[in-house]
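Notes to accompany the following structure.
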Amino acid sequence: MRFDLSANCFADVDVRADTWAVIGADRALRWRELEEQAHAWASQARAHGFAADVPVIIRGHKEAEFFVAMVGALLLGAPFVPVDTIYPDERMQRIASTLGAQTYFDARDGRFVSLNGHGAWVEFEAVEGAVSSTSTSTASAPPVLREKNLAYVLFTSGTTGEPKGVQIGRESVAALADWMAADFALGDAPVFLDQAPFSFDLSMYEVFGTLALGGTVVLASRALTTQGSAFLATLARHRMTTWVSTPSFAQQQLLNPQFSQDGLPALRTFLFCGEVLPVALARQLRQRFPAARIINTYGPTEATVATTWIVVDDAVLAHHARLPIGHAKRDAEVFVDAGELCIAGAHVMRGYLNREDLNAARMFIHNGQRAFRTGDLGAIDGNGLLFCHGRIDDQIKMGGYRIELMEIDAALRALPAAASAAAVPLRRPDGSVARIVAFVATGNDDGRLPDALQDWKTLLAARLPSYMIPSELLACRSLPVSVNFKIDRAQLAQDYRDVHFKAQRQHNA
Ligand code: AMP
């Protein structure tokens, strides 16, 4: 059994309908059950006012119900908006207000929850065919979106401090699934590892791969993935064939000797995306998993998960000190314009929600197709292989997470006594970001944080997800600016190193 993304319905319903579709953190579902429950979810959502082109926020973390809700939303034609619990309430509220949403679906307890006009959450009973409320206010679904036939809207870090809603059409996810089926050689009914939060578009590989290929998805919660051997044993028990993650996540697993072909005998494919795949990591994986193919894919959320790909075999490893991102996928075009990677094809987003300014700056038409300026520095070698050489702007990747430093700046500046503050990435020699620190200008040289900032981490956590919170906040007289009057983050990183090394030298003396 599978889900036909073009026809928008379950297909081959008599084929292997009793095999597992979803192994959730809470419960497991067979394909037949997924079909029944997704239809039931769609009628429940309809009763709460959701319909085609009306976005529905789904909040939770790796519950089978989260997957059911996404499929139910597809059946209904309602674009789903996945929000992992890694996002604090305030961020969720910003997303809800961008959409004009007053109701969301909470996958943790399988209920629609309403946000009343004063910002307090009011719960609604999940009653089939009726809406009943624990308060007097009535839930209403958000307005219909201008863009029609979207599959999902995914919010990424935004420079203004507001997350940006990337609108992905149904034609784009169908193209993603067609590409996976045609080129990834994942075999019949692949079993996917799904580890990235659903609010991170990497996880859409597993969602649409499972649906289109009639596979199984193993939803691995943060609690499970930190359990080392128990995590790997779970994957082995479900005969996981297809590992999908950022390179950072796989790197962490290498610490465990059971992360090997013997420990995961069914594993045949590593599918990477989201950040640079280091040569050293690919080499170690080749040794530990001689039977597995490693696929490096590249692309921004704005172009439906990934756009380029290359199978990283021994020949590729032998020829490159820094891995290429490969070639454009079928039916897509990638080219370098003034040093910047540009992407064209049906998989390019329909635009950022309500951000005509950004759409005008980043989107254009190329050979009759939607096209997007990525902000990535790119190059093509003599063999037509594409390379990504980092960013033009202040967007970074840390541990696989996409972060706009300006979003952290905005959150810092909203703190008391921090009107002038900036986030600074500290990089390893290979350019990857090890951690983020922050500076606040206090107007004097004593290096003391104002009293109002003693609790700064807790204050920031109300607004930012944990992966965006700097590890240290340092006081300085003023923030240095570069020639173009932007905050000089490189200078601040240098200042940090100077202070750090001076302290270390004093300690060692
Ligand atoms: P996201 O929207 O979270 O998928 O992040 C997209 C950004 O991550 C891209 O614009 C690149 O800067 C970076 N990125 C994604 N995949 C790769 C890759 N395979 N190699 C290098 N950078 C990558």
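Note that ligands are numbered from 1 as they come in the structure, with each ligand's atoms numbered from 1 the same way. The chain is numbered in sequence order, starting from 1.
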Are there any protein N or O atoms under 3.5 Å from the N or O atoms of ligand 1? List them with distances, or say none.
residue: ligand 1; atom: 2 (O); partner: T301; partner atom: N; Å: 2.8
residue: ligand 1; atom: 2 (O); partner: T301; partner atom: OG1; Å: 2.6
residue: ligand 1; atom: 2 (O); partner: R402; partner atom: NH1; Å: 2.6
residue: ligand 1; atom: 3 (O); partner: K397; partner atom: NZ; Å: 2.9
residue: ligand 1; atom: 4 (O); partner: G299; partner atom: O; Å: 3.4
residue: ligand 1; atom: 5 (O); partner: K397; partner atom: NZ; Å: 2.8
residue: ligand 1; atom: 8 (O); partner: G274; partner atom: O; Å: 3.3
residue: ligand 1; atom: 8 (O); partner: K397; partner atom: NZ; Å: 3.3
residue: ligand 1; atom: 10 (O); partner: D376; partner atom: OD1; Å: 3.4
residue: ligand 1; atom: 10 (O); partner: D376; partner atom: OD2; Å: 2.5
residue: ligand 1; atom: 10 (O); partner: R391; partner atom: NH1; Å: 3.4
residue: ligand 1; atom: 12 (O); partner: D376; partner atom: OD1; Å: 2.6
residue: ligand 1; atom: 12 (O); partner: D376; partner atom: OD2; Å: 3.4
residue: ligand 1; atom: 16 (N); partner: G274; partner atom: N; Å: 3.1
residue: ligand 1; atom: 16 (N); partner: E275; partner atom: N; Å: 3.4
residue: ligand 1; atom: 19 (N); partner: E275; partner atom: O; Å: 3.4
residue: ligand 1; atom: 19 (N); partner: N296; partner atom: OD1; Å: 3.1
residue: ligand 1; atom: 19 (N); partner: T297; partner atom: O; Å: 2.8
residue: ligand 1; atom: 20 (N); partner: E275; partner atom: O; Å: 3.4

Looking at residues at least two apart in the chain, or sitting in another chain, which of them share a ring pair (Phe, Tyr, Trp, His ring centres under 6.0 Å) with F50? F112
Output all residues satisfying ring pair (Phe, Tyr, Trp, His ring centres under 6.0 Å) with Y152, sequence neighbours left out; order by chain, then residue number. F80
For H366, give me all partners under ring pair (Phe, Tyr, Trp, His ring centres under 6.0 Å), at least two apart in sequence or on another chain. F335
Looking at F270, does the NZ or CZ of R293 lie under 6.0 angstrom from its six-membered ring centre and within 45 degrees of the ring axis? no
Y87 and Y467 aromatic ring geometry - parallel, tilted or perpendicular at 30°/60° bounds: tilted
Going by an N to O cut-off under 4.0 Å, is there a salt bridge joining R283 and D314? no
